[in-house]
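Notes follow once the structure below has been shown.
Any value given below was found using the heavy atoms of this structure, including those in side chains, with hydrogens, waters and symmetry copies removed. In each ligand, atom 1 is the first atom listed, and ligand 1 is the first ligand listed. It should be emphasised that the depicted structure is a prediction, and the values quoted were computed from it without experimental measurement.
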Amino acid sequence: MTAAGTPPDPDLAIELRGISKSFGPVRANKDIALRVRRGTIHGIIGENGAGKSTLMSILYGFYKADAGEIMIGGKRTEIPDSQAAIDAGIGMVFQHFKLVENFTVLENVVLGAEEGRLLRPSLAKARKLLRQLADDYEMDVDPEAVIEDLGVGQQQRVEILKALYREADILILDEPTGVLTPAEADHLFRILRGLRDEGKTIILITHKLREVMEITDTVSVMRRGEMTATVQTADTSPEELAELMVGRKVLLRVDKAPARPGKAVLEVKNLRVTDVQGVERLKGIDLRIHAGEILGVAGVAGNGQSELLEVLGGYANGTGTIRLNDQTIDLTGTASDARTRRARGIAHVPEDRQREGLIMDYRAWENVGFGYHHDARFNSGIFMDNAALRADCAAKMERFDVRPPDPNLAAKNFSGGNQQKIVLAREIERNPDLLLIGQPTRGVDIGAIEFIHEQIVALRDQGKAILLVSVELDEIMALSDRIAVMFDGRIIGERLPSETDQGELGLLMAGMTGEAAA
Ligand code: ADP
Ligand code: MG
């Protein structure tokens, strides 16, 4: 046991001493110390797998630490389960909300706190408290609304209300802005500041440096299961935090020369896609991308960006006109069209690489070989030349800095960032005229993001056309030569990065063009 000496500090909402936790051979938390001052917003940052969620799960009673102690408000506290965490005044807002879809807001807030015969009378009491909380924290959520009718931003507020209803003093939020529009994220931050100013303590887990700089008072950095630093936000910079997260200097800005667009490579007119339920997902898209140009498509997930990538890649049917290098592409065909599109010079890095980009149980070289089956280099008679495919894969892995560079390893055994590099290596080295790329750095660590961005810009500079779809506005702003914003199946605005900002793009993403008001 640790810390026989130091007395607990009652000014600390939370103090962790010597927390360790392993999953089999993986040491997710190694001898972690953390001190969170009462009435502050304390950020915890770190790359994927650094151990952030594990640490918070220990604090919330989901996991039991192998060693270490937890002090809440200066008192040593055992947290064997989440009821104990709630009793200790800790509330958690989950990354994937745990609300009951067909219950009302009110029922969800009360659920679990009051059961059985007590439920009905306490609903009335809860309704009153809820209105009060909603007014205090400008959380305008209708208590009678059914959860499934609410957007994600509102559902998240319900999670927060639920914690406050249980009288939480300490609120933990694990990557809360991943699903929000910029405007919703701003609203969340206003709520969190309000809660802090009333004396509540907030722990905010995120990998977004901009958010950390904007809202936290203090930041702790985790790397490979260890707590590597705790600094005052006012005394640090995004560059320093990135270096602490990765363990080396990282370029946060993409270095790129102005685009020199050539002829139009892709021309799309009145493109429409209707899904299997008969819902129109693309409602007449017009766009054009030139050689040597990156068109960034911004938008909140679910506004037709996925369908745009799929129909262009040949994975979905649609109507309208697509012209590639002045040749019309047939849109009436079937699923085998993806291969035809590849042959015509379209490469595709799909949004969901685990489902569409890779076969997880196949080895790296087999995955890298997809789509090259008709390539003469790898065909010796009727059999594929597996040795040649392996050697080709090894060379690609080398160039794309895939770690470990082992062609025989199954795709599932690489980290998210390295899986993405494998897909990128395969698609970029097809030497396509047009690269379709969806969420290129989702789930990817900062170090790999830097590399992936460099590769996308390098492809542009070779004169290729690139359609980039991303929900990360930072990424759209950094890479795009032009930005199109999608909302409800349409492109509702186009901007030059130099003539817009995240605020304006955020309004467009929420469907507000400003023209309606004028
Ligand atoms: P973060 O939230 O910082 O991305 P996590 O705490 O989720 O990191 O994960 C830390 C490490 O522990 C990772 O290597 C992860 O794969 C591993 N891990 C987390 N949860 C489990 C689990 N339930 N079983 C096995 N390994 C786990
Ligand atoms: Mg996590």
Which bit of [X] gets closer than 4.0 Å to ligand 1, counting heavy atoms only: side chain, backbone, both or neither?
{"X": "Met222", "answer": "neither"}
{"X": "Tyr63", "answer": "side chain"}
{"X": "Thr54", "answer": "both"}

[Y] versus [X], side-chain donor and acceptor atoms under 3.5 Å:
{"X": "Glu211", "Y": "Thr177", "answer": "yes"}
{"X": "Asp31", "Y": "Ser20", "answer": "no"}
{"X": "Arg281", "Y": "Asn303", "answer": "no"}
{"X": "His42", "Y": "Ser220", "answer": "yes"}
{"X": "Thr40", "Y": "Thr218", "answer": "no"}
{"X": "Gln154", "Y": "Asp142", "answer": "no"}

Whether Met56 lies under 4.0 Å from ligand 1, heavy atom: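 No; Met56 lies far enough from ligand 1 that no heavy-atom distance drops under 4.0 Å.
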Sub-4.0 Å heavy-atom approach of Gly46 to ligand 1: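 Heavy atoms of Gly46 never come under 4.0 Å of ligand 1.
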I need the minimum non-hydrogen distance between [X] and [Y], along with the two atoms involved.
{"X": "Ser470", "Y": "Glu475", "answer": "OG-OE1, 2.7 Å"}
{"X": "Leu467", "Y": "Leu308", "answer": "CD2-CD2, 4.3 Å"}
{"X": "Val109", "Y": "Arg166", "answer": "O-NH1, 2.8 Å"}

Cation over ring face, Lys412 and Phe414, 6.0 Å, 45°: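 Judged by the rule, Lys412 and Phe414 form no cation-pi pair.
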Please identify which atoms of ligand 1 are closer than 4.0 Å to at least one heavy atom of [X].
{"X": "Asn48", "value": "4 (O)"}
{"X": "Ala50", "value": "1 (P), 3 (O), 8 (O)"}
{"X": "Glu47", "value": "3 (O)"}

In the protein, which heavy atom is nearest to [atom], and how far is it?
{"atom": "atom 7 (O) of ligand 1", "answer": "Ser53 CB, 3.8 Å"}
{"atom": "atom 19 (C) of ligand 1", "answer": "Phe23 CE1, 3.5 Å"}
{"atom": "atom 8 (O) of ligand 1", "answer": "Gly51 N, 3.1 Å"}

Identified side-chain contact (heavy atoms from CB on, under 4.5 Å) counterpart of Ile90 within the set Asp169, Leu171, Ile79: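 The residue from Asp169, Leu171, Ile79 that satisfies side-chain contact (heavy atoms from CB on, under 4.5 Å) with Ile90 turns out to be Ile79.
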Within-cutoff protein neighbour (heavy atom, under 4.0 Å) for atom 15 (C) of ligand 1: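 It does not: no protein heavy atom is found less than 4.0 Å away from atom 15 (C) of ligand 1.
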Under-4.0 Å protein heavy-atom contact, atom 12 (O) of ligand 1: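 Yes, there is one.
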Backbone or side-chain N/O/S of Thr54 under 2.8 Å of the Mg ion (ligand 2):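 Here the distance criterion (N, O or S atom, under 2.8 Å) is not met by Thr54, so no.
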The one among Gly24, Ala28, Gly49, Pro25 that brings a heavy atom closest to atom 1 (P) of ligand 1: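 Comparing heavy atoms across Gly24, Ala28, Gly49, Pro25, the nearest one to atom 1 (P) of ligand 1 lies in Gly49.
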Selection from Lys52, Glu175, His207 by shortest heavy-atom distance to atom 3 (O) of ligand 1: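 The residue whose heavy atom sits nearest atom 3 (O) of ligand 1 is Lys52.
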Ligand 1 N/O within reach of Val26 N/O, cut-off under 3.5 Å: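 Such a contact does not occur with ligand 1.
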